[in-house]
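Structure, as structure tokens:
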Amino acid sequence: MFENDVADGDRRNSLHRHWSSRFTFILAVTGSAVGLGNIWKFPYIAGQNGGGAFVLVYLFFVFLVGMPVMMSEILIGRRGRRNPVATMKLLGEEEGGASQWRYLGYLAIVCSMLILSYYSFIAGWALSYVYESVSGTFVDASIAEVTATYQGFASNWVATAIAHTLFMATTVALVARGVKRGLEWAVRLMVPALVGLMILLLVFSINTGYFSAGVEFLLAPNFSELSWSGVLIALGQAFFTLSIGIGAVMAYGAYLPQETSIPGTAAVVVCADTVIALLAGLIVFPIVFANGLDPAEGPGLVFMTLPSAFGQMSGGILYAAVFFLLLSFAAWTSAFSLMEPSVAWVVERFNRSRVEAAVIIGFLIWLMGFGSVLSFSVLSGFKFYKGTIYENIDHLTSNILLPIGGFFIVVFAGWVMCRNSTAEELGGVGPAYSVWRFLARYVAPVAIVVVFLQTSGLL
Ligand code: PHE
């Protein structure tokens with residue numbers, strides 16, 4: 001997966017190899033961050049939570065909470081140079097005398113596997129839409145027809161299970177082989193191509209005549225639309241979209257050469273990720289309003305709106321197929337990072353080969369995925385707490401476990417680790433360091449606690 005050379009001056013060598021350059025690392029973390037979260041999830045949850053005010057709060061969380069957490073996670077990963085469990089144990093002992101910090105690593109492993117179980121299922125939809133596009137299903141299709149296609153597909157558990165299996169199998173194969181080559185290629189090509197196609201879709205959206213309605217919905221804040229549970233969802237989405245709080249970025253950080261700037265890397269990734277999410281929102285909502293769809297439609301939103309846009313363009317078949325293929329690539333590069341904490345843990349802890357580890361972990365995740373697959377069909381009536389099994393896994397991971405993981409990561413880096421250690425990783429004491437330390441010690445933990453207390457009804 002990584003180059004063999006270990007950078008000079010490393011205080012601790014990784015058991016694995018290193019990323020070949022800073023650029024590769026930026027690509028890998030961008031690949032992890034940019035995914036279904038930006039294009040599929042962001043528009044639908046912004047729609048469900050009233051738009052503008054939600055987006056504003058989301059942006060606050062991304063930059064003032066997410067960014068310091070991401071920097072903390074990378075610096076912890078690089079200092080530990082092991083899988084998240086071993087890294088937290090090692091640094092816990094080194095910095096605070098408590099090896100119990102390793103439980104944070106276990107949390108990361110469980111949570112990343114849970115996320116991938118449904119992520120793979122949704123990514124399977126994207127893959128199937130490549131097939132649907134090529135077979136011409138969307139050509140000149142009305143929004144009603146596209147919606148019917150989506151509903152028929154989502155409730156067909158055999159078809160979605162096959163797509164889920166295909167996605168998981170390819171993910172395992174690539175992770176087992178070591179993903180660096182595929183990853184570099186995928187991200188280098190994918191991100192610009194994805195943005196290119198999104199600009200094409202944006203032009204379409206501008207021409208729907210409903211662009212200003214879409215922009216207003218997405219960007220004009222109306223705080224009466226936003227509840228505290230919406231604020232919690234915004235916090236969860238900030239963590240989800242940046243891939244933070246569950247050791248994915250920590251696991252990648254373990255392979256980062258010592259000389260790479262962590263603040264610089266985090267800034268690039270956070271900005272790229274935000275631009276892509278906002279672009280997705282600007283594309284989706286004008287189409288929603290032009291067709292009288294409900295912005296609060298839910299997980300199918302993107303799968304209902306975009307195909308109809310492509311269907312009306314000349315050459316739309318090709319564009320649609322390429323778009324959904326790129327979306328699948330974006331999902332793969334995120335899925336790799338969701339597997340990395342558990343795969344690295346199995347490799348190091350049980351002395352297994354990467355191939356064995358990827359197969360075992362992949363099989364477990366695949367099995368867990370059926371909880372989500374069936375939530376849209378056979379088990380759609382089986383509801384408890386937040387709804388179906390899928391809705392509960394989504395809520396538990398994004399809105400609870402990621403912020404909790406992020407809280408402990410940032411508290412560990414800000415309060416437990418000594419100043420010298422963090423300063424060494426973040427390129428010395430300077431203005432960037434001071435801003436990080438302030439955000440990591442005060443703003444991020446306090447924001448997370450306040451949102452939790454508010455939503456649990458204690459404040
Ligand atoms: N950030 C990814 C996305 O937006 C999902 C992800 C979450 C990946 C957590 C890794 C860890 O699609």
Side-chain angles (χ1 to χ4, degrees), residues 26-46 58 61-62 66-67 69-70 73-74 77 84 104-105 107-126 167-168 171 175 179 183 186-187 190-191 194 198 233-253 266 269-281 299 302 326-344 361 365 372 393-406 409:
I26 291 189
L27 286 180
V29 183
T30 310
S32 168
V34 174
L36 298 173
N38 308 58
I39 294 169
W40 158 75
K41 200 169 188 194
F42 173 73
Y44 101 70
I45 58 174
Y58 161 81
F61 286 140
V62 163
M67 179 110 161
V69 173
M70 179 178 273
E73 231 186 288
I74 302 176
L104 192 55
L107 177 76
I109 287 176
V110 172
C111 185
S112 53
M113 289 174 69
L114 273 173
I115 291 186
L116 188 51
S117 78
Y118 80 77
Y119 201 85
S120 159
F121 153 68
I122 306 286
W125 290 0
F167 184 84
M168 225 30 240
T171 303
V175 170
V179 293
L183 190 95
V187 183
M190 175 201 87
V191 176
L194 198 63
M198 288 178 85
I233 296 174
L235 178 71
Q237 173 64 7
F239 279 84
F240 184 87
T241 193
L242 297 177
S243 306
I244 51 177
I246 54 162
V249 173
M250 191 189 289
Y252 274 9
V269 174
V270 170
C271 291
D273 189 79
T274 305
V275 168
I276 295 187
L278 290 178
L279 205 54
V302 159
L326 289 171
L327 187 57
S328 311
F329 277 124
W332 266 312
T333 55
S334 301
F336 299 157
S337 72
L338 282 163
M339 283 195 75
E340 195 58 35
S342 33
V343 168
I361 295 290
I365 295 173
S372 298
I393 298 184
D394 178 30
H395 177 74
L396 175 72
T397 51
S398 297
N399 303 342
I400 315 264
L401 298 182
L402 292 190
I404 289 183
I409 286 169

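FYI, side chains are in, hydrogens and waters are out, and symmetry mates aren't considered; it's all heavy atoms of this structure. Each ligand, and each atom within it, is numbered from 1 in the order the structure gives. All residue numbers refer to positions in the sequence shown, counting from 1. What you see is a predicted model; the values in this text were computed from it and never measured.
The residue from Leu242, Val29, Leu278 that alone fulfils the side chain to side chain contact (heavy atoms under 4.5 Å, CB included) condition with Asp273 is Leu242. Among the candidates Phe239, Tyr118, Tyr119, the single residue satisfying the side chain to side chain contact (heavy atoms under 4.5 Å, CB included) test with Thr397 is Tyr118. Under the side chain to side chain contact (heavy atoms under 4.5 Å, CB included) test applied with Ile246, the options Leu107, Leu104, Val110, Leu338 reduce to a single match, Leu338.
Per-residue contacts place Ile246 under 4.0 angstrom from the following atoms of ligand 1 (heavy atoms of the residue considered): 9 (C), 11 (C). Remark: ligand 1 atoms within the under-4.0 Å shell around heavy atoms of Leu36 are 12 (O). Within the listing of ligand 1, atoms 1 (N), 2 (C), 8 (C), 10 (C) sit less than 4.0 angstrom from a heavy atom of Ser32. Applying the 4.0 Å criterion to heavy atoms of Gly35 picks out, from ligand 1, the atoms 3 (C), 4 (O), 12 (O).
Met168 CE to Met339 CE: the interatomic distance, rounded to the nearest 0.5 Å, is 4.5 Å. Note that OH of Tyr252 and OG of Ser337 are 5.0 Å apart. Values are rounded to the nearest 0.5 Å. Here the CZ-CD1 distance, from Phe61 to Ile233, works out to 11.5 Å after rounding to the nearest 0.5 Å. Here the OG1 atom belonging to Thr30 is positioned 8.5 Å from the CD1 atom belonging to Ile276, to the nearest 0.5 angstrom. Within the model, atoms CD1 of Ile109 and CD1 of Ile361 stand 7.5 Å from one another, a figure rounded to the nearest 0.5 Å.
Given atom 8 (C) of ligand 1, the protein heavy atom at minimum distance is Ser243 OG, 3.2 Å. Nearest protein heavy-atom contact of atom 12 (O) of ligand 1 is Tyr119 OH, 2.5 Å. Considering only non-hydrogen protein atoms, atom 7 (C) of ligand 1 sits nearest to Phe240 O, 3.3 Å.
Distances from atom 4 (O) of ligand 1 to the heavy atoms of Ser334, Pro341, Ala33 show the closest one on Ala33.
For ligand 1, the polar-atom distance check against Gly37 finds a nitrogen or oxygen pair separated by under 3.5 Å. No N or O atom of Ile244 sits closer than 3.5 Å to an N or O atom of ligand 1. Checked by distance only, ligand 1 and Thr241 come closer than 3.5 Å through their nitrogen or oxygen atoms.
Using a 4.0 Å heavy-atom cutoff, Phe239 is absent from the residues neighbouring ligand 1.
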